[in-house]
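Counting from 1, the numbers follow the sequence of the chain as shown. The shown structure was predicted, so the numbers you read here are calculated from the model rather than taken from an experiment.
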Amino acid sequence: MNIYKISSLLLVLVLFCHCEKESTQGEGSNYSTFSFEQKLILPGTPETIYDAITGDISEWWDHSFSEKPLKLYIEPKPGGGFYEIFNESGNGAKHATVILAHRGKILRFDGPLGFSGKALQMVCTYTFTPVEKDSTRLQLDVHASGEIAKGTKEIVDKVWRHFLVDRFKPYIESGKHLK
């Protein structure tokens with residue numbers, strides 16, 4: 001390798017390290033990661049639970065950007081969206097994008113969810129496992145990275161517990177998803 005190639009390579013490395021340092025150590029920046037999991041047992045087959053946690057979720061998902069969204073749904077296919085439609089004009093938000101979908105087995109989506117406008121990305125995975133003859137273990141895994149304020153992990157974990165334990169589980173147990 002000649003001296004010019006070595007010098008060019010060193011210059012690129014120095015510039016990369018300098019840019020990386022500036023981007024992660026700016027004033028007031030707080031870039032980090034967090035992850036957690038939650039598990040619950042629900043009555044029904046993995047396919048039934050998968051179908052209830054996708055499609056129209058407005059019956060049990062109660063956090064939104066608009067006061068009364070027209071539609072709130074997850075398209076269970078690769079590239080599908082987790083959408084909140086505000087009104088008949090089609091105004092709304094895409095909370096996440098589905099990146100893996102296998103009915104009754106796994107659903108994974110990637111996006112900022114309620115942190116739209118922040119440099120924060122979350123990958124959320126639902127895994128469906130049959131338990132005995134007529135129940136399903138739903139496991140949620142959340143992995144987040146980016147601009148994360150202190151206490152965010154605890155807040156997000158609590159909000160997901162609200163969605164799954166306080167809202168989704170009673171929705172499933174009521175049988176409303178079968179109508």
Side-chain angles (χ1 to χ4, degrees), residues 16 19-40 42 49-128 138-172 177:
F16 175 76
C19 290
E20 185 67 21
K21 183 178 178 185
E22 284 184 3
S23 70
T24 60
Q25 295 181 1
E27 274 187 52
S29 66
N30 186 16
Y31 295 94
S32 62
T33 64
F34 69 79
S35 63
F36 61 85
E37 71 176 32
Q38 295 182 13
K39 297 177 186 176
L40 65 153
L42 300 164
I49 302 304
Y50 182 95
D51 292 345
I53 211 163
T54 60
D56 180 4
I57 62 170
S58 57
E59 189 74 27
W60 60 272
W61 190 279
D62 63 350
H63 285 55
S64 58
F65 289 124
S66 61
E67 191 173 317
K68 284 191 158 196
L70 180 66
K71 291 182 185 178
L72 202 53
Y73 64 99
I74 298 174
E75 295 175 316
K77 63 182 182 180
F82 179 163
Y83 294 106
E84 175 184 347
I85 305 302
F86 301 158
N87 54 37
E88 294 288 343
S89 298
N91 296 306
K94 184 175 184 183
H95 296 284
T97 301
V98 174
I99 57 175
L100 177 62
H102 191 164
R103 185 172 179 256
K105 297 186 184 308
I106 190 166
L107 181 77
R108 180 172 294 139
F109 46 93
D110 177 23
L113 298 173
F115 292 92
S116 183
K118 301 280 186 201
L120 177 83
Q121 205 65 13
M122 283 191 273
V123 177
C124 303
T125 304
Y126 295 136
T127 306
F128 307 85
L138 173 62
Q139 179 171 322
L140 166 72
D141 290 285
V142 174
H143 298 269
S145 65
E147 187 180 4
I148 299 172
K150 187 176 182 178
T152 300
K153 174 186 178 181
E154 293 75 18
I155 292 168
V156 173
D157 186 45
K158 185 178 178 182
V159 168
W160 272 108
R161 187 158 308 287
H162 165 75
F163 287 141
L164 297 179
V165 175
D166 299 341
R167 304 282 300 173
F168 187 65
K169 186 175 182 181
Y171 171 69
I172 294 298
H177 64 292

For Asp166 and Arg161, what are the C-alpha separation, side-chain angles and deciding distance, and is it a side-chain contact (heavy atoms from CB on, under 4.5 Å)? CA-CA 7 Å; Asp166 299 341; Arg161 187 158 308 287; 5.6 Å; no

Would you please test Leu113 and His63 for side-chain contact (heavy atoms from CB on, under 4.5 Å) and show each step? CA-CA 10 Å; Leu113 298 173; His63 285 55; over 6 Å; no

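In this view, Phe168 and Trp60 satisfy the ring-ring contact (aromatic ring centres under 6.0 Å, His included) rule, not counting sequence neighbours.
Surrounding NZ of Lys94 are more than 12 heavy atoms belonging to other residues, nucleotides or ligands, all under 6.0 Å away.
Taking every heavy atom of both residues into account, Lys39 and Gln139 meet most closely at CE-OE1, 3.0 Å. Between Leu72 and Phe82 the shortest heavy-atom distance is CD1-CE2, 4.5 Å. Closest approach of Tyr50 to Ile106, counting heavy atoms only: CE1-O, 3.6 Å.
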Between side-chain atoms of residues 118-128 and protein atoms elsewhere (two or more places apart, or another chain), which donor-acceptor pairs fall under 3.5 Å?
residue	atom	partner	partner atom	Å
Gln121	NE2	Asp110	OD1	3.1
Thr125	OG1	Arg108	NE	2.7

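Atoms CG and CD1, from Leu40 and Ile49 in turn, are 9.0 Å apart once rounded to the nearest 0.5 Å. One finds the CD1 atom of Ile74 at 11.5 Å from the OH atom of Tyr83 (value rounded to the nearest 0.5 Å). In this structure, Asp157 CG and Glu37 CD are separated by 10.5 Å, a value rounded to the nearest 0.5 Å. Interatomic distance, Phe109 CZ to Ile99 CD1, rounded to the nearest 0.5 Å: 10.0 Å. His102 NE2 to Leu107 CG: the interatomic distance, rounded to the nearest 0.5 Å, is 12.0 Å. To the nearest 0.5 Å, the span separating NE2 on His95 from CZ on Phe65 amounts to 5.0 Å.
Side-chain contact between Thr33 and His143: absent, with no pair of heavy atoms (C-beta onward) separated by less than 4.5 Å. Looking at Phe163 and Asp62, their side chains come closer than 4.5 Å, going by heavy atoms from C-beta outward. Between Ser66 and Glu84 there is a side-chain heavy-atom pair separated by less than 4.5 Å. Tyr171 is listed as a side-chain neighbour of His177, based on a closest heavy-atom distance under 4.5 Å. Contact of the Lys77 side chain with the Val98 side chain is not registered, since no non-hydrogen atoms from C-beta on lie closer than 4.5 Å.
Under the 3.5 Å distance criterion, the side-chain polar atoms of Asn87 are matched with a main-chain donor or acceptor of Gly90.
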